[in-house]
Colleague: 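So that we are looking at the same thing, I have put the structure below in C-alpha cells.
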Amino acid sequence: MRHFYSLNEFSPEQIEQFLSRALFHKGNPYFPTLAKKQFALLFLDPSLRTRCSFEVAIRQLSGGVTTLEGQSLWKIETELGVKMDQDKSEHVREAMGVLSRYFDGLGLRSFARGVRREEDLLDQTFSAFVESAKIPVFNMESAVYHPCQTLADLLTIKELFGGFLGKKISIVWASHPRALPMAVPNSILLGTTLMGMDVTLAHPKGFELQDGIMAMANDFSRRSGGNLRVVHDRAEAARDTEIVYAKAWGGLARYSDPESEAKQRLQHSNWIVDTPFMDMTRRAAFMHCLPVRRNVVVRDEVIDSKQSVIFRQAENRLHAQKAILEWVYS
Ligand code: CP
C-alpha cells in the first residue's frame with residue numbers, strides 16, 4: 001500500500017515521470033485509470049483549488065468521490081490514551097477504520113493547527129490519520145508539505161522554460177495579517193532544489209524555515225548541480241531572476257511568542273511584489289499558489305499582468321494530481 005506524503009521522497013527522474021504523465025493527461029482529460037475506485041477527500045481546513053481539482057480529476061479518471069468537511073463530522077481526537085470526556089466525540093482510529101471499509105483511498109488536508117509547535121513541525125495530525133488507515137492516504141496539504149501544489153508548479157515551470165537545471169527562481173516572503181503555515185514554501189524550496197534550479201530564498205530575519213528543511217534543500221541542491229542562497233534583501237532576490245514565487249508565511253516564533261511574531265510580520269509590509277520589484281527581474285514569471293491577498297502580497301498590476309501565470313498553476317493541479325493518483329495504485 002502506497003501513501004503519497006511529500007515530493008522529497010522521490011528522485012528527479014521519478015518527478016520527471018510524474019510530469020510526463022501529467023502532460024499526457026493534459027492532452028487526454030478522460031482516461032479511465034481509476035474505474036471502480038471510490039475516494040474520500042477530507043478537509044480539516046477550507047479549500048477551493050485542491051477540492052475542485054481533485055474532484056474533477058477523480059471523475060475524469062472514472063472514479064467516484066465523496067468530499068468530507070471537518071466541521072460537518074464528529075470532532076476527531078488524534079491522540080492515543082486520552083480520556084475523551086471533552087468536545088471530541090470520535091477517535092481517528094474508528095474514523096479511519098470505518099472510512100477504510102468504504103473507500104479505496106483518502107485525500108487529507110490536515111493543514112497546520114498553529115498552536116503546538118511539535119504537533120505542526122512533526123506533522124502529527126497527518127501521521128495519526130495515516131497510522132490508522134488501511135487504505136492509501138494522499139497529502140492534500142499537511143502542516144509541513146503541500147506536494148500536489150509543488151508538482152503543479154514544477155509542471156508550470158517545465159512548460160514555460162522547457163526544463164529546470166540552472167533556471168533562476170526567487171521564493172519571496174510576503175507580509176500578511178495571519179501567520180500562515182510553511183507547507184508551500186517548504187515544498188517549493190525542496191522541489192526546485194531537487195530539480196537543480198538556481199534558487200534564492202528571500203525573507204526578513206525571523207522568518208527562517210525549519211532547520212531540517214533547509215538542510216534537506218542544501219543537500220538536494222548540491223546533489224542536483226543547482227544552487228541555493230538565502231537573502232534578507234528584496235532587491236537581491238529580484239535582480240536578474242526568471243521566476244518570482246511569492247508566498248506569505250509566519251515565523252516559528254508564532255508558537256512561543258505570537259504577539260512579537262505578529263508585530264514583526266506586520267512591520268515588513270514593504271515585502272509586497274509590485275512593479276518596481278518586477279522591473280528588477282529578467283521579465284520574470286509571477287507565481288503564487290493562491291488564495292492570495294491582493295495589494296498585501298502582490299499589487300493588482302502584477303497579478304493582472306501578462307507575467308502572471310497563476311491560472312496555469314491552478315489548472316496544472318488537475319493534471320499533476322492525476323499522475324499522483326495513478327502512482328498510488330501502480
Ligand atoms: N493552493 C491551494 O491549495 O488552494 P486551496 O487552499 O484553495 O485548495
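Just so you know, these numbers come straight off a predicted model, no measurement behind them. Start at 1 and go down the list; that is how both ligands and their atoms are numbered.
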Colleague: Identify whether the distance between the nearest side-chain nitrogen and carboxylate oxygen of R109 and E141 falls below 4.0 Å.
Modeller: yes
Colleague: Any Lys/Arg nitrogen of R299 or D304 sitting under 4.0 Å from an Asp/Glu carboxylate oxygen of the other?
Modeller: no
Colleague: Would you indicate which of H146, Q149, E141, Q313 comes nearest to atom 3 (O) of ligand 1 when only heavy atoms are counted?
Modeller: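 Ranked by closest heavy atom to atom 3 (O) of ligand 1, first place is H146.
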Colleague: Starting from atom 7 (O) of ligand 1, find the nearest protein heavy-atom neighbour and note its residue, name and distance.
Modeller: L48 N, 2.7 Å
Colleague: Any idea which atoms of ligand 1 are less than 4.0 Å away from a heavy-atom of T50?
Modeller: 2 (C), 3 (O), 5 (P), 8 (O)
Colleague: Name the one of Y5, F138, Y145 that satisfies ring pair (Phe, Tyr, Trp, His ring centres under 6.0 Å) with F126?
Modeller: Y5
Colleague: Are F207 and W271 an aromatic pair, judged by ring center distance below 6.0 Å?
Modeller: no
Colleague: Look at ligand 1 and say whether R51 reaches it with a heavy atom at a distance under 4.0 Å.
Modeller: no
Colleague: Counting only heavy atoms, tell me which of R109, R49, H288, R317 gets closest to atom 6 (O) of ligand 1.
Modeller: R109
Colleague: Step by step, would you call T125 with E119 a side-chain hydrogen bond (donor to acceptor under 3.5 Å, both in side chains)?
Modeller: CA-CA 7 Å; T125 307; E119 181 180 1; 3.2 Å; yes
Colleague: Looking at ligand 1, would M140 count as a contact under a 4.0 Å heavy-atom criterion?
Modeller: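 For ligand 1, residue contact (heavy atoms, under 4.0 Å) with M140 is absent.
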Colleague: Please confirm whether L290 comes within less than 3.5 Å of ligand 1 when only nitrogen or oxygen atoms on both sides are compared.
Modeller: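 Between L290 and ligand 1, an N or O pair is found under 3.5 Å apart.
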Colleague: Indicate yes or no for a side-chain donor-acceptor contact from R254 to the backbone of A179 under 3.5 Å, with no hydrogens or angles considered.
Modeller: yes
